[in-house]
Amino acid sequence: MTDETPLLEVSGLRIALASGTPIVDGVDLTLARGEILGIVGESGSGKTTTALALLGHAQRGAEITGGSVRVAGREVLGLSRAERREIRGKLISYVPQDAGQALNPSLRIADSVTDVLRRHREPAPAAVLGLLGSVDLPATTEFGRRLPHQLSGGQQQRVTIAISLACEPPVIVMDEPTTGLDVLTQQSVLDEIRRLRAERGASLVYVSHDLAVVSQIADRVAVMYAGRIVEEGPIATLMERPRHPYTRGLLQSIPDHRRPARLLPMAGSAPGVEERPDGCAFAPRCPQAADDCRTTPPVLESVDFERHQVRCPHWELTPPATLGIPRDRTEVTAGPALQVRGLRASHKGRGGTVVVAEDISFDVRRGECLALVGESGSGKTTIARCLVGLHLPDGGSVRLRDAPLPARIRKRSAAQRRGIQYVFQNPYQSLNPRRRIGEDLARPGHVLRGLSVAEARAEVGSLLERVQLSPRLADRYPSQLSGGERQRVAIARALAARPDVLVCDEVTSALDVSVQAAILEALAELRDDLGVALLFITHDLGVVSGVADRVLVLEGGRICETGPTDSVLRTPEHPYTQRLVAAAPTLAAR
Amino acid sequence: MSALLKTYSPRRVPFGAALRRRTPKTLSGRIGLALLVLTLTVALLGPLCTPYSPDRTVGIPFAGPTAGHPLGLDFLGRDVLSRVLSGGLSVVLYAGVATLAAYAVGLTVGLLAGYSRSWLEPLLMRLTDVLLAFPALVFLLLLATAFGRGITGVVIATALIQLPPIVRIVRSAALEQSLRGYVEAAVARGEGTLSVLRREILPNIARPVAADAGLRFSWSVLLIAGVNFLGLGLQPPAADWGLMVSENRGGIALNPSSMLVAAALLGALTLAINLLGDALAGGTE
């Protein structure tokens with residue numbers, strides 16, 4: 001961009017656990033004035049560790065063991081506590097992922113901002129309000145007197161951004177600032193960041209697991225895998241012609257509602273910190289790995305021109321990313337497996353009764369996938385819980401296979417309980433940590449299908465194979481499995497009941513993109529093979545485009561739009577759907 | 001071969017391996033285990049190997065240690081070693097009975113209250129609150145007097161005092177579990193309350209509950225010893241560590257071991273349980 005020395009210069013950064021195991025292994029980065037650099041990686045790639053090291057900080061149990069970080073010409077590593085405190089906020093500042101936890105719940109937000117100002121310069125009430133105003137928050141004394149819990153998630157994140165701006169540092173590090181926010185809120189925070197860059201010339205390091213979000217905002221992007229940067233370059237170049245097989249795989253894994261297509265998941269999952277292989281860490285998952293990949297750690301090589309670098313000796317072989325193999329959506333004409341009419345549900349709390357779903361009616365046909373889309377609080381999970389009998393609805397009726405389904409579990413027959421199965425959002429809490437996988441998988445067959453324990457156990461192996469897991473896993477405990485494997489087991493447990501309807505509640509939201517793609521593909525296959533009806537609950541329009549035949553959009557507990565996936569995503573009619581579609585991050589270039 | 005693989009047959013863990021896996025890994029946990037084995041051995045097997053009858057006067061009160069009486073004699077001239085050996089059983093027995101009784105009721109009530117989302121939960125919890133409203137020591141003294149001097153009232157009162165905190169701990173642990181996916185999956189499967197509690201909830205709260213049970217037991221030991229010290233529980237001439245501390249406190253200058261050995265054993269027992277409890281609660285699979 002410019003010839004002047006970069007504002008931020010990281011070279012050979014190494015961070016290791018106390019045991020000596022490296023977490024981040026030789027990271028080089030540069031950031032020019034007014035530039036936004038994205039750092040993208042899956043969980044365990046070392047991206048947050050790298051981000052914190054830019055401020056000279058290492059998490060508990062980790063230690064910065066080598067390299068240098070220079071901010072505006074000043075070395076950050078090896079400073080004393082007092083010196084580090086001096087530069088933080090003034091030279092470089094940090095915006096954390098979860099603003100709700102980062103803000104002190106008993107400090108009024110104006111005081112939180114004042115605290116930072118006080119460390120570096122004289123605080124003035126006007127300056128505090130000015131800062132709040134600069135991130136589009138109401139610059140009033142009344143607003144400054146609020147406590148964090150009186151703010152929405154998006155407002156909380158704006159406060160942390162205001163704090164990071166307080167001393168006008170030349171470099172700001174943002175660590176997943178929009179993760180956990182609704183799409184519309186995410187969009188407004190991203191707009192804010194864009195505006196900051198345009199108006200103040202802010203230079204940013206933006207860390208995220210979401211390549212789609214980063215592609216919306218960054219000028220350059222560095223892709224991390226197993227503690228190393230595997231590819232770095234201008235965002236447009238990298239998206240158009242990724243050279244590292246991992247970057248390519250990542251691009252092919254991300255569902256994009258603008259380009260509904262079959263996902264091409266990568267094999268396996270990212271290695272944990274302790275189990276990184278010798279040589280190229282990606283080699284075990286790489287379709288083009290050669291023998292030398294498994295022994296020699298690759299170095300960064302320049303591609304085409306010097307700003308695009310890739311850590312793969314065989315990058316010239318990487319084919320262009322395959323995007324847009326459309327999924328053939330055959331119109332499902334089978335009869336309905338599930339009919340919901342006029343469902344109404346509420347939550348009774350201390351503050352009275354809150355209606356969370358009203359007048360919900362829909363059908364799910366056999367072999368069809370219907371997506372229930374909405375932001376948090378739209379009532380989608382409550383509806384699903386009503387269907388499986390975990391929440392008692394206030395009214396309405398449900399029919400399963402053309403027979404009325406009682407609302408209470410106790411009134412449902414074993415066949416009815418078997419017919420509708422639920423897969424939970426959080427795979428880390430859906431399997432009993434004290435029981436072996438095999439036992440958990442045998443239980444539904446025994447309880448719901450009247451099999452003997454021995455008969456149910458005999459099915460365990462084929463159930464695991466059904467979800468592409470090794471039958472050997474039956475003897476393991478859940479803690480020995482990765483998140484993606486656990487979610488597959490949870491799906492297998494639901495399949496063990498031979499359901500007619502499978503309710504999937506945000507089943508991929510706790511998983512990495514590459515794992516998500518594999519789960520979505522597995523579900524699509526199950527539906528095709530077994531003819532199960534899928535009710536897929538999600539907030540992610542990209543995921544919807546990847547799996548659903550029809551979409552049902554919920555706003556505040558009511559259905560606002562419904563129709564075939566392609567037409568709803570392409571030509572949304574309801575204003576709320578239009579806003580959702582416009583705000584959803586997409587890989588399509590800006 | 002593959003057909004064999006597909007059938008899941010649970011692997012049996014040999015007893016020795018299971019035992020080794022459960023041995024505490026930390027130093028303090030191992031010290032606790034060693035101390036516990038030591039004090040329990042003294043308490044349970046001691047009565048079988050007393051050199052003298054614990055009730056027989058064999059010499060001058062508070063006589064110092066000699067070869068025949070390595071711990072000397074107590075305030076009535078009885079052999080301290082024999083009394084120490086026979087005085088642990090009552091401590092462990094009564095505290096054990098009180099804790100077991102409290103846990104039998106507390107675990108049931110706590111599990112039901114934590115899991116049930118019906119009218120049962122507030123009812124059970126308000127009942128425990130009523131119990132909690134009585135100041136512990138006053139309640140105990142009241143019951144002990146009501147039953148007349150003797151250990152029965154003390155044991156019942158100790159159990160009742162322990163009940164509310166047990167219910168609360170079990171309930172909050174069970175409540176947290178009941179929101180987990182695997183519990184909800186079992187509920188949606190239509191499993192009965194008993195099956196859900198036994199299969200899904202109990203195994204997952206066993207560790208914190210076991211650690212708490214240890215603490216309750218050591219607390220019961222101290223409480224009962226304290227009441228015996230006050231003269232409301234066990235009556236002389238019974239040999240009991242708590243009672244011995246009380247009886248011999250006047251002679252601490254003449255024969256310190258008449259009181260200190262019993263006190264030290266009481267201390268060792270409670271310390272052991274605390275150390276072991278911490279190791280249990282902190283351990284991970």
Side-chain angles (χ1 to χ4, degrees), chain A residues 385 387-390 392 409-410 412-414 416-418 420-444 446-448 454-465 470-475 477-480 490 493-494 497 503 505, chain B residues 1-14 17-18 21-22 111 115-122 125 173-210 280 283-285:
Chain A
R385 294 174 62 87
L387 298 181
V388 279
L390 290 171
L392 203 60
I409 293 179
R410 300 258 179 255
R412 293 184 184 178
S413 68
Q416 285 171 325
R417 278 180 266 130
R418 181 189 67 69
I420 181 162
Q421 289 290 312
Y422 195 68
V423 182
F424 293 87
Q425 174 171 6
N426 188 346
Y428 296 92
Q429 289 196 357
S430 62
L431 304 176
N432 190 335
R434 290 283 170 166
R435 277 204 279 155
R436 293 178 201 273
I437 301 301
E439 255 181 279
D440 229 6
L441 287 179
R443 192 72 186 162
H446 175 58
V447 175
L448 297 174
E455 283 169 334
R457 279 179 178 164
E459 282 188 357
V460 166
S462 46
L463 280 170
L464 284 167
E465 281 177 349
S470 157
R472 279 168 222 281
L473 291 186
D475 243 339
Y477 284 99
S479 60
Q480 295 166 298
R493 184 176 62 187
V503 183
D505 186 3
Chain B
M1 181 66 204
S2 76
L4 267 179
L5 255 180
K6 284 186 187 180
T7 298
Y8 167 66
S9 48
R11 193 158 31 112
R12 296 249 169 260
V13 181
R21 197 188 302 156
R22 281 177 176 74
L111 279 174
Y115 171 69
S116 150
R117 281 159 219 181
S118 58
W119 49 268
L120 201 61
E121 192 258 335
M125 289 321 286
L175 186 65
E176 197 209 324
Q177 289 294 322
S178 70
L179 304 173
R180 300 277 169 111
Y182 45 87
V183 178
E184 300 213 303
V187 174
R189 230 183 279 143
E191 306 228 10
T193 303
L194 207 64
S195 161
V196 173
L197 290 179
R198 191 176 59 81
R199 298 178 60 92
E200 313 290 340
I201 293 184
L202 202 54
N204 287 296
I205 66 170
R207 259 166 194 277
V209 163
L280 255 178
T284 46
E285 283 279 276

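Since the structure is predicted, the reported quantities are computational estimates derived from the model, not experimental observations. Naming convention: chains lettered A, B, ... in sequence-line order (proteins, then strands); numbering from 1 in each chain.
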Part of A:L431 lying under 4.5 Å from any heavy atom of chain B | backbone

Taking A:P444, A:G389, A:A414 one by one, which has the highest count of heavy-atom pairs under 4.5 Å against chain B?
-> A:P444

With B:A186 via side-chain contact (heavy atoms from CB on, under 4.5 Å) - residues at least two apart = B:R189, B:E191, B:V196, B:E200

Largest heavy-atom contact set with chain B, pairs under 4.5 Å, which of A:R417, A:E439, A:Q421 = A:R417

Below 4.5 Å from any heavy atom of chain B, which atoms of A:R412 appear? Answer side chain, backbone, both or neither.
-> neither

Can you name the closest pair of heavy atoms from B:I201 and B:V183 and give their distance?
-> CG1-CG2, 4.1 Å

Considering only heavy atoms, which portion of A:N432 lies under 4.5 Å from any heavy atom of chain B: side chain, backbone, both, or neither?
-> both

Segment of A:A474 engaging chain B (4.5 angstrom heavy-atom cut-off) = both

Return the set of residues passing side-chain hydrogen bond (donor to acceptor under 3.5 Å, both in side chains) with A:R418 (not counting sequence neighbours), or none when no residue passes.
-> none

Closest non-hydrogen atoms of B:I205 and B:A174, given as atom of the first, atom of the second and distance, are CG2-N, 4.3 Å

Can you list the steps and then say if B:Y182 with B:Q177 is a side-chain hydrogen bond (donor to acceptor under 3.5 Å, both in side chains)?
-> CA-CA 9 Å; B:Y182 45 87; B:Q177 289 294 322; 2.5 Å; yes

